[in-house]
Amino acid sequence: MVQNIQEVMPHIAFGGDYNPEQWDEKTWLEDAQLMKEAGVNLVSVAIFSWSVLEREEGQFDFSWLDRVLEILHEHGIGVALATATASPPAWLSKKYPEILAVQENGVPYQVGSRQQYSPNSKRFKLAIRRLVEELAERYKHHPALKMWHINNEYGCHLSECYSDESLDAFRQWLKKRYVSIDQLNQKWGTAFWSQRYNHWDEIQFPVNLPTFYNPSQKLDYKRFMDDAIFDLYLLEKEILREKTPEMPVFTNFMYEFKPLNYFKWAKETDLVTWDSYPDPREGRPFRHAMHHDLMRSLKDGAPFYLMEQVTSHVNWRDINLTKKPGEMRLWSYSTVARGGDGIMYFQWRQGRTGAEKFHGAMVPHSNNPKSRTYQEVKQLGNELKKLDALVGAEVKARVAIIFDWENWWAVELEGKPHNQLSYLNQVYAYYKFFYDNNIAVDFVTPMANLKKYSLVLAPMLYMVKTGYRENLERFVDDGGTLLVTFFSGIADEQDHIHLGGYPAPFRKLLGLTVEEFAPMAMEESNSIVANGQHATVTTWADIITLEGAKSLAHFKENWYAGKPAITTNRFGQGTAIYIGTSLEEDYLHHFLKGVTQQLKIDAPLEAPKGVEVVERVKGNKQFLFLLNHLEEPVNLLLDTAKTYQNGLTKEKVKNEITINKKDVVILVTD
Amino acid sequence: MVQNIQEVMPHIAFGGDYNPEQWDEKTWLEDAQLMKEAGVNLVSVAIFSWSVLEREEGQFDFSWLDRVLEILHEHGIGVALATATASPPAWLSKKYPEILAVQENGVPYQVGSRQQYSPNSKRFKLAIRRLVEELAERYKHHPALKMWHINNEYGCHLSECYSDESLDAFRQWLKKRYVSIDQLNQKWGTAFWSQRYNHWDEIQFPVNLPTFYNPSQKLDYKRFMDDAIFDLYLLEKEILREKTPEMPVFTNFMYEFKPLNYFKWAKETDLVTWDSYPDPREGRPFRHAMHHDLMRSLKDGAPFYLMEQVTSHVNWRDINLTKKPGEMRLWSYSTVARGGDGIMYFQWRQGRTGAEKFHGAMVPHSNNPKSRTYQEVKQLGNELKKLDALVGAEVKARVAIIFDWENWWAVELEGKPHNQLSYLNQVYAYYKFFYDNNIAVDFVTPMANLKKYSLVLAPMLYMVKTGYRENLERFVDDGGTLLVTFFSGIADEQDHIHLGGYPAPFRKLLGLTVEEFAPMAMEESNSIVANGQHATVTTWADIITLEGAKSLAHFKENWYAGKPAITTNRFGQGTAIYIGTSLEEDYLHHFLKGVTQQLKIDAPLEAPKGVEVVERVKGNKQFLFLLNHLEEPVNLLLDTAKTYQNGLTKEKVKNEITINKKDVVILVTD
Amino acid sequence: MVQNIQEVMPHIAFGGDYNPEQWDEKTWLEDAQLMKEAGVNLVSVAIFSWSVLEREEGQFDFSWLDRVLEILHEHGIGVALATATASPPAWLSKKYPEILAVQENGVPYQVGSRQQYSPNSKRFKLAIRRLVEELAERYKHHPALKMWHINNEYGCHLSECYSDESLDAFRQWLKKRYVSIDQLNQKWGTAFWSQRYNHWDEIQFPVNLPTFYNPSQKLDYKRFMDDAIFDLYLLEKEILREKTPEMPVFTNFMYEFKPLNYFKWAKETDLVTWDSYPDPREGRPFRHAMHHDLMRSLKDGAPFYLMEQVTSHVNWRDINLTKKPGEMRLWSYSTVARGGDGIMYFQWRQGRTGAEKFHGAMVPHSNNPKSRTYQEVKQLGNELKKLDALVGAEVKARVAIIFDWENWWAVELEGKPHNQLSYLNQVYAYYKFFYDNNIAVDFVTPMANLKKYSLVLAPMLYMVKTGYRENLERFVDDGGTLLVTFFSGIADEQDHIHLGGYPAPFRKLLGLTVEEFAPMAMEESNSIVANGQHATVTTWADIITLEGAKSLAHFKENWYAGKPAITTNRFGQGTAIYIGTSLEEDYLHHFLKGVTQQLKIDAPLEAPKGVEVVERVKGNKQFLFLLNHLEEPVNLLLDTAKTYQNGLTKEKVKNEITINKKDVVILVTD
């Protein structure tokens, strides 16, 4: 039985990736000392160590790692031990070239960077099995071991492979999914363009085509690759589970990462962890906040670890701006506020060599403990020690946004009415209202139990699989408010059209038919009129015929002037709203303000724009995070009925509180 | 002896691509009923049916097609039966991989899309021969069969192939063209850059080169591929001609399609058909009109069929705008006005699956007969029934524009003085004057008999082959007016320079020498002065020395200020005008107005800008098309000496006529 | 013992590439006559003649070249005989495909263009050895032969090759460099990302990688390819030296050419020659001037030949503007002023065929001796005859800019803090001040003897190899002024970080530490304050801590407001200035004005902006070049103590001189 993560780490985890193989033992000792001073309690070790752990096939050298773990343990620092499979060594592909992933043009990827393996290589699976077994066997009882860190950022550079072995695997996967070739022909619509297959081995990858691919095939290829990479993860997990049944395992996820369906993955992890690198150029990182909320939602609200962030600046953007003083700390607290129980960095010590030597770290090139970077790390690490009580606390939300990876894949396939539509941007647009207004939001799959929510949003839910309609109808029927936006309800899970008038599965729920789509050119816009108010709309206009719904706003111009743009429909005990265009931000926020006010959905505390307010709850204890992103101090009036304790200073707080610029206050009640 | 197309179809053809293999028999019956209501009299069937007709090599299943043709025939709908060769089935390339076309990098195209075949594959030719023979044998006496639709949009995605078999074929083609390798060396100018060949098998494709290609070689590669694809067409045509000597054959052409020399192709078709997809974003589609005029010109003015257009919107642009109400009808009448005797669509019923499911169709996804789309189709189909008298009528033009595919290829090869020059844009610029002024224009090859024209334009006729000079001189000598523009008369058919001063073949005719070219940077402009008038010019300035010609305008600025920009030269009984720069539209139209007025070239009827006027003539009968592209009604004064009948309402019309916004009136006289 | 170039050519060399194999003998005779009239005294022959010299393997035909050399010699025209190896014939790669260079995707380059060979092909080396030996043997005593022109623009299109043979060669090269694989692992930092190698044959090219390459490996690949191409050059040179020990050899360099370390190459040439093609769009070509100064510096100030320029316009840009009347002559004199003892063109006669037929030449397509082109050539050729006294004269500079090819390679590898930094642009920015102010500048390597300079600039000297620090410290210690700019002193020759605080090797010399880099986004800027003056800065800000240096300017905004931006440090007898940001041009020039004034570094003569003043010196003789780039005449006051002779008119000049617009005056003193 796996240990609960809060048992293993009853503190906010603080630390980072640690790559001792790049340094000598003298530095290891210096590292451990500096870590201790900085409040580090967990480090990820051995992420890229394969070639120094298994130096030739089957010849293992654990001596250096033994010593590293010993030093860390002596200094009271726990270890998330990586399985080291993220970057296979050169000898492996020299001996077995079939482990190399292959590009669209048939050229294999090569050693000299990282992650050059094909997820479908049987030989690669044998190799990782041997490595992980050896590693687990060696360290399963090591006292420093706190959890297993499987691989690293699965799929990061390579989420497609076009090797012969991958083609075989793709055909096997299809056989399993469709059983008969006739079924595949039907599900892929191969009557179109004479694409019928007689035999499984006629099937090819959806690349190197003269023109547009078969969208059902492309979609299945995406599913197949997600599964293939997932199988790699499961392979490692099973070994580790067997060797160390109580030890939690995780793999670190990424943000805005389309190829992997993390809702599926999260079910097989004991802890959601992810790597976050907001671009400082963007100022206050609201997308970063959304990713926190999404990551927290992957395992039904369980706290997550931020497994990688950077102290200062990355090196893989075109121009790498640095975080200003205070930003790293403030954004870290935003993480904690939204469910983060771990704040980790890539990496501990800035590298001297290699492709990431200009990537910031907890200890910079100067090795100067007085450096701004190390000082900020040290301050934060020592503060977080005061928040043990917070560990495991939840965020409670009455609003949910549907987020569906398969929909993301499908709606962004080519050949659509408007091919500049971004699923993420549609979701961001709606999320931002709640962020700006300090209203907690969960993310859910379309089949989630929606009972606990008052308001559910379904932005551009293009793909509607079996059961989605019923689940959403049930939610509304039971009194919920559902908001659906344009280009929803169009296709089934094969990316075949739901016939009978758009959006066929939702026509009854929404009380309307969309007769036609009228996408707008980039330079084009229209406006809508709602209660005498005007607002600009862009991108898309649905030509709507009401079938029971009521129009809340209509288009003002073009040949569809006067036709509904926003509608509302009573359905059972609830309401289904439809937005058939892309609204400018001001109006969208105004509209959503109306919706949330009517549903009495509020922020935990009223605060001026620029002040982030988030509440975490554990038992009777409430932790109210007040983050001041502004350049001046703010004064907030508190609920006079309550008494708070300042979680960091431990002072009593009543009636009001002043928060310095770029500072945070955590008010604790019970 | 092939039947005349007007005998086969004594009506305006109306219908579209029909892909019944994507639907069940119940839908087929519904289709036939809806077609009948919409006035459909012709459909193209089986375009992408190979994989369901020949399910394994040599195993044919015609049962479903028998039933489809039976149903169509029962409903009085004729069939343009496609040869189904446009998209080979997966089993074919599985068994014979050599049929696959190959990319520049040596990677074959694959199944999963369409048209993946190499035009040079002998095995592919065997396969299409078998299919076409079976098909022709089966249906040669079928009463629904009206004509043969060969393949589909030849070369659409693939007009280049780099397979070994293509390389052999290229070498054979060269051997046939040049006989000796010494001749090839001379004609390719291989003394340059040490490119001399000793043997035919040393010759490679003009790709994968460290830098600029040999232009003569590249040009020949374009000729070769055009011929290779043409051979495929001829192969099918010959089979069909043998089986059904009376049955017309065609293949559908495309617009702005550079790889195929349609003047050559048209000679071997019984009917010119083409596919037109103007972007609604551009508003009134004047290019569309030019393509009509070009297509009508391919077979010396014979009426053509618009084989594909869309009711509403395509799905293969980045953002696919939809046609506004009335535009599809209005633009269809522009087609008819300019020589179109057929109005067909891709496709009949909007697909549920595959890459084109968001492409508009005559019956939309909703299957709603009340939908705007179907209603507009039905209205047009039933109107066109009233225009049987028009079938076969001609458009008479006194103006011709030279259009030459080989010149297009040559002038856009790399390494030119100005590499942003577009042949099409140069032609469009001159055509637009005539379009805007409702003056009929034919397109001709440089070797055409020009007797019937008063004015001939040769925009950027860079490549001047043997005989061109004499043909144009003869035209001017006999009293014609010729207008030549910059970068004309530069190279011969091998793309070798005509030495002796630009434009060597035309110096005598034009009475000048171009000493130098002075291309302008994108941000640069100059101006010209003509009779005290100033106009902006861009792109290019020729440095002209007069040798008999008279300057009509000179440059105002830069080091060549004062030098001639436009000249005119008496030559025999006629006049040769030269324009040595790129004129802004206003001035160009002003200038051409002067030229046409002097030649008394007029519109059939005076009309405000935005009203398209085109005349078709059949025997004594005149059909005057008045198309109002404006957003308000217009009133036109008619020739009071004539009495007209409204071709659609059959009412009498005299003295004047009012045309509603976006509406059309066809006035018929006799 | 090689003859001094001034002995061989005691005149300013004047002529161009001559490709007689493209023309007939009649034209050869006409050419020689026109050359004579134009003052041509040297032509490069046979550059692309391999396929007509060696028509089949080992079968040579020199008859036509014999005749060409005979004609030239009869007309008194010297020959720089090319070795004809730049473009191998088709038969060679047909027989030995392994000579073809290979692209990243594994596809070989092909014949049909030029330079398709792999520099690492042993078979290719055999082939050039045979050709060069035959050629040298044949013409070693020919009286027309003045010097050997080896190959042509080495590396122009192909400076990378990914063939198997190249991979072997790369491994051999690495073995030689690092001796043991452990050493390589350390020097490449392969502990990062598990990149450790056990055996040499595990090493691959740094391409086809899933993500960022290993920078040390990439840098070595650049070194390897430079060496590989250099070896080709040495191979030819050795043959020629053996056959003709007295005959000078050269190969023509290119401008802004990153792949070849010309400082290394120049040591093995007897004459620096290069090809210059400034874009006329840019107006006055200051970069062109910088290249002259760089080329002159490659061999410690020895005069160079401009081996290729164009009379009018090239054909390989997108839009090819033509030089205005006078510009070719004026820019040619700028070349001569900066150390050019040869003015040559590509090419003599404009081609009729092939990829460069629209490239300008000394004789245009019209073959018209009255053409502007030929007239300008003739004028210049006949003027240059008057400047024999100048041949061999030097340019004396008190300022040097460090220019280092390996630094160029290293600083522009990916993964940097700011990946839009261009080394050339940084150098241009500093050079431009000296150009605008007519102050002579040399370019030097970081290890050069700097004694003769008062001011040395080191723009963005990112890579600091062993010895650089000591050399620069010595220079300053001895009283020199050194100016270093941001992102200098960061990495060693393996591109590993110099640890211990940036810029570690220069901290003592500069008296500071750079704590952090703060790159700026493209749209971002800041300003600095210096003595109450404000100036805009962009791109980059160093966060500087002073350690002895004095701040001359500080940042005004952002979180590092008040921190130093420009500093100065006394070091021994001299001064070390640091500029930690990118200064706007006005302020940079103002700042450098102050520095040069303090050092009493002046122009040879005061002149208004737009007038270029350069001095060459030979013994006691001074040649003062006054080039008026303006569109009006200028009057210059001369040193009244001196008397001059006008080098072209031979008139006496005193007190003042008027120079016509776009004209040049050369004042000679003794």
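Throughout, a chain's letter reflects where its sequence line sits, starting with A, and its residues are numbered from 1. Atoms considered below: every heavy atom in the structure, side chains included; atoms not considered: hydrogens, waters and symmetry mates.
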Chemist: I need the residue from A/A191, A/P215, A/P417 with the largest number of non-hydrogen atom pairs under 4.5 Å to chain B.
Modeler: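 So the answer, after comparing A/A191, A/P215, A/P417, is A/P417.
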Chemist: Tell me if a side-chain donor or acceptor on B/R352 pairs with a main-chain N or O of A/H496 at a distance below 3.5 Å.
Modeler: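 Between the backbone of A/H496 and the side chain of B/R352 there is no qualifying donor-acceptor contact (under 3.5 Å).
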Chemist: Please determine, among B/E21, B/Q115, B/Q116, B/R281, the option with the most heavy-atom pairs under 4.5 Å with chain A.
Modeler: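 Winner by heavy-atom pair count: B/R281.
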Chemist: Near A/D164 CG, under 6.0 Å, is it more than 12 heavy atoms from other residues, nucleotides or ligands?
Modeler: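 No - once you tally the heavy atoms of other residues, nucleotides and ligands closer than 6.0 Å, there are 12 at most.
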Chemist: Would you call A/M520 and B/I319 a side-chain contact if the rule is heavy atoms closer than 4.5 Å?
Modeler: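 With C-beta onward as the side chain, the pair stays apart.
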Chemist: Drop me the distance from A/I203's CD1 to B/Q110's CD, to the nearest 0.5 angstrom.
Modeler: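 The CD atom of B/Q110 is 12.0 Å from CD1 of A/I203, to the nearest 0.5 Å.
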Chemist: So which heavy atom on B/Y109 is nearest to which on A/L209, and how close?
Modeler: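 Taking every non-hydrogen atom into account, CD2-C, 3.7 Å.
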Chemist: So for B/P108, is it side chain, backbone, both, or neither that comes closer than 4.5 Å to the heavy atoms of chain A?
Modeler: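 For B/P108, the backbone is the part near chain A, not the side chain.
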Chemist: Side chain, backbone, both or neither: which part of B/P280 has a heavy atom under 4.5 Å from chain A?
Modeler: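 Neither part, no heavy atoms under 4.5 Å.
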Chemist: Are there over 12 heavy-atom neighbours, none belonging to A/D201, within less than 6.0 Å of that residue's CG?
Modeler: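 More than 12 heavy atoms, drawn from other residues, nucleotides or ligands, come within 6.0 Å of this atom.
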Chemist: With side chain to side chain contact (heavy atoms under 4.5 Å, CB included) as the criterion, how do B/F358 and A/I490 come out once you've worked through the C-alpha distance, each side chain's angles and the decisive distance to 0.1 Å?
Modeler: CA-CA 11 Å; B/F358 288 107; A/I490 304 302; 3.7 Å; yes
Chemist: So, taking the atom named OG1 in B/T353 and the one named CH2 in A/W188, what distance separates them when rounded to the nearest 0.5 Å?
Modeler: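 Nearest 0.5 Å value for the OG1-CH2 distance: 12.5 Å.
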Chemist: Ignoring hydrogens and angles, tell me if any N or O in the side chain of B/K357 forms a donor-acceptor pair with the backbone of A/D495 under 3.5 Å.
Modeler: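 Here the side-chain-to-backbone pair exists.
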Chemist: Do A/N419 side-chain atoms and B/R317 backbone N/O form a donor-acceptor pair below 3.5 Å?
Modeler: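 It does hold such a pair.
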Chemist: Looking at CG of A/N198 and NZ of B/K95, how far apart are the two atoms once the value is rounded to the nearest 0.5 Å?
Modeler: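 Between A/N198 CG and B/K95 NZ, I get 11.5 Å after rounding to 0.5 Å.
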Chemist: Report which part of A/Q195 has an atom under 4.5 Å of a heavy atom belonging to chain B: side chain, backbone, both, or neither.
Modeler: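 Contact with chain B involves both backbone and side-chain atoms of A/Q195.
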Chemist: Does the side chain of B/W316 come within less than 4.5 Å of A/F212's, by heavy atoms?
Modeler: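 In short, these two side chains touch, coming nearer than 4.5 Å.
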Chemist: Parallel, tilted or perpendicular: which describes the rings of A/Y502 and B/H365, with under 30° parallel and over 60° perpendicular?
Modeler: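 Geometry flag for B/H365 against A/Y502: perpendicular rings.
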Chemist: With a 6.0 Å cut-off (strictly less than), is the heavy-atom count around NZ of A/K563, excluding the residue itself, greater than 12?
Modeler: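 Counting other residues, nucleotides and ligands, NZ of A/K563 stays at 12 neighbours or fewer.
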Chemist: Quick check: closest heavy atoms across A/T211 and B/S113, and the distance to 0.1 Å?
Modeler: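 Result for this residue pair: CG2-OG, 3.1 Å.
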Chemist: Any idea which heavy atoms bring B/A90 and A/E202 closest together, and the distance?
Modeler: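 Between these two residues, the closest heavy atoms are CB-OE1, 3.6 Å.
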Chemist: Shorter than 4.5 Å, heavy atoms on both sides: which option in A/G415, A/A504, A/G501 has the most such pairs with chain B?
Modeler: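 Option with the top pair count is A/G415.
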Chemist: Which atoms of B/Q103 are under 4.5 Å from chain A, going by heavy atoms: the side chain, the backbone, both sets, or neither?
Modeler: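 For B/Q103, side-chain heavy atoms alone lie under 4.5 Å from chain A.
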Chemist: Heavy-atom distances under 4.5 Å only: say whether B/N105 touches chain A with side chain, backbone, both or neither.
Modeler: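 Just its side chain gets close to chain A.
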Chemist: Answer yes or no: is there a side-chain heavy-atom contact under 4.5 Å between A/E515 and B/N368?
Modeler: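 Yes, side chains in contact.
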Chemist: If I measure from the heavy atoms of chain B, does A/V514 come under 4.5 Å with its side chain, its backbone, both, or neither?
Modeler: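 For A/V514, neither part sits under 4.5 Å from chain B.
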Chemist: For the CZ atom of A/R196 and the CH2 atom of B/W50, what is their distance to the nearest 0.5 Å?
Modeler: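 Nearest 0.5 Å value for the CZ-CH2 distance: 14.0 Å.
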Chemist: Based on non-hydrogen pairs under 4.5 Å, which of B/D318, B/T322, B/V52, B/V107 is most in contact with chain A?
Modeler: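 Greatest number of close heavy-atom pairs with chain A: B/D318.
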Chemist: Does A/W193 reach the side chain of B/E356, with side-chain heavy atoms less than 4.5 Å apart?
Modeler: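 In short, these two side chains touch, coming nearer than 4.5 Å.
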Chemist: With a 3.5 Å distance limit and no angle check, can you tell me whether A/K416 reaches the backbone of B/N315 through a side-chain donor-acceptor pair?
Modeler: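 No, the answer is negative, given that no donor and acceptor are paired below the 3.5 Å cut-off.
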Chemist: Salt-bridge test for A/E516 and B/R372: reply yes if a basic N is under 4.0 Å from a carboxylate O, no otherwise.
Modeler: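 Salt bridge: yes.
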Chemist: Let me know if A/E523 has heavy atoms under 4.5 Å from chain B in its side chain, its backbone, both or neither.
Modeler: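 It is the side chain, since no backbone atom gets that close.
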Chemist: Any idea which of B/A84, B/P88, B/A86, B/G354 has the most non-hydrogen atom pairs under 4.5 angstrom with chain A?
Modeler: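 The candidate making the most pairs under 4.5 Å is B/G354.
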Chemist: Could you grab the distance from atom CZ of B/R114 to atom OH of A/Y213, nearest 0.5 Å is fine?
Modeler: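 Between B/R114 CZ and A/Y213 OH, I get 15.5 Å after rounding to 0.5 Å.
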Chemist: For A/Y197 versus B/G112, what's the shortest heavy-atom pair and its separation?
Modeler: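 Closest approach of A/Y197 to B/G112: OH-CA, 3.9 Å.
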Chemist: Nearest heavy-atom pair of B/H157 and A/P210: which atoms, and what distance?
Modeler: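 Of all heavy-atom pairs spanning B/H157 and A/P210, the closest is CB-O, 3.4 Å.
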Chemist: Do A/N558 and B/K324 pass the side chain to side chain contact (heavy atoms under 4.5 Å, CB included) test, and can you show the C-alpha distance, the side-chain angles, and the key distance before you say yes or no?
Modeler: CA-CA 9 Å; A/N558 214 331; B/K324 296 176 185 172; 3.5 Å; yes
Chemist: With distance as the sole test, does A/S194 use its side chain to make a donor-acceptor pair with the main-chain N or O of B/S51 at under 3.5 Å?
Modeler: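 Flag set: sc A/S194 to bb B/S51 pair under 3.5 Å.
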Chemist: Within a reach of under 6.0 Å around NZ of A/K508, are more than 12 heavy atoms found that belong to other residues, nucleotides or ligands?
Modeler: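 Result for NZ/A/K508: open.
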Chemist: Please flag which part of A/E524 lies under 4.5 Å from any non-hydrogen atom of chain B: side chain, backbone, both or neither.
Modeler: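 For A/E524, side-chain heavy atoms alone lie under 4.5 Å from chain B.
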Chemist: Please identify, among A/L499, A/T190, A/T545, A/I497, the residue contributing the most non-hydrogen atom pairs under 4.5 Å to chain B.
Modeler: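 Max contact count across the listed options: A/I497.
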Chemist: If we define contacts as heavy-atom pairs under 4.5 Å, which of A/Q494, A/H199, A/Q204 has the most with chain B?
Modeler: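 Most pairs with chain B among the choices: A/Q204.
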Chemist: Please flag which part of A/H498 lies under 4.5 Å from any non-hydrogen atom of chain B: side chain, backbone, both or neither.
Modeler: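 Answer is neither: A/H498 stays 4.5 Å or more from chain B.
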Chemist: Locate the shortest heavy-atom distance separating B/L321 from A/A521; write the atom from each residue and the value.
Modeler: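 Nearest heavy atoms, B/L321 then A/A521: CD1-N, 3.6 Å.
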Chemist: Could you check which of B/A355, B/S366, B/S87 has the highest count of heavy-atom pairs closer than 4.5 Å to chain A?
Modeler: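 Looking at each option in turn, the highest pair count goes to B/A355.
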Chemist: A side-chain contact here means heavy atoms from C-beta on lying under 4.5 Å apart; do B/N320 and A/H418 qualify?
Modeler: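 A side-chain contact under 4.5 Å is absent here.
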Chemist: Heavy-atom distances under 4.5 Å only: say whether A/P519 touches chain B with side chain, backbone, both or neither.
Modeler: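 Contact with chain B involves both backbone and side-chain atoms of A/P519.
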Chemist: Measure distances from A/N185 to the heavy atoms of chain B and classify the residue's part below 4.5 Å as side chain, backbone, both or neither.
Modeler: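 For A/N185, neither part sits under 4.5 Å from chain B.
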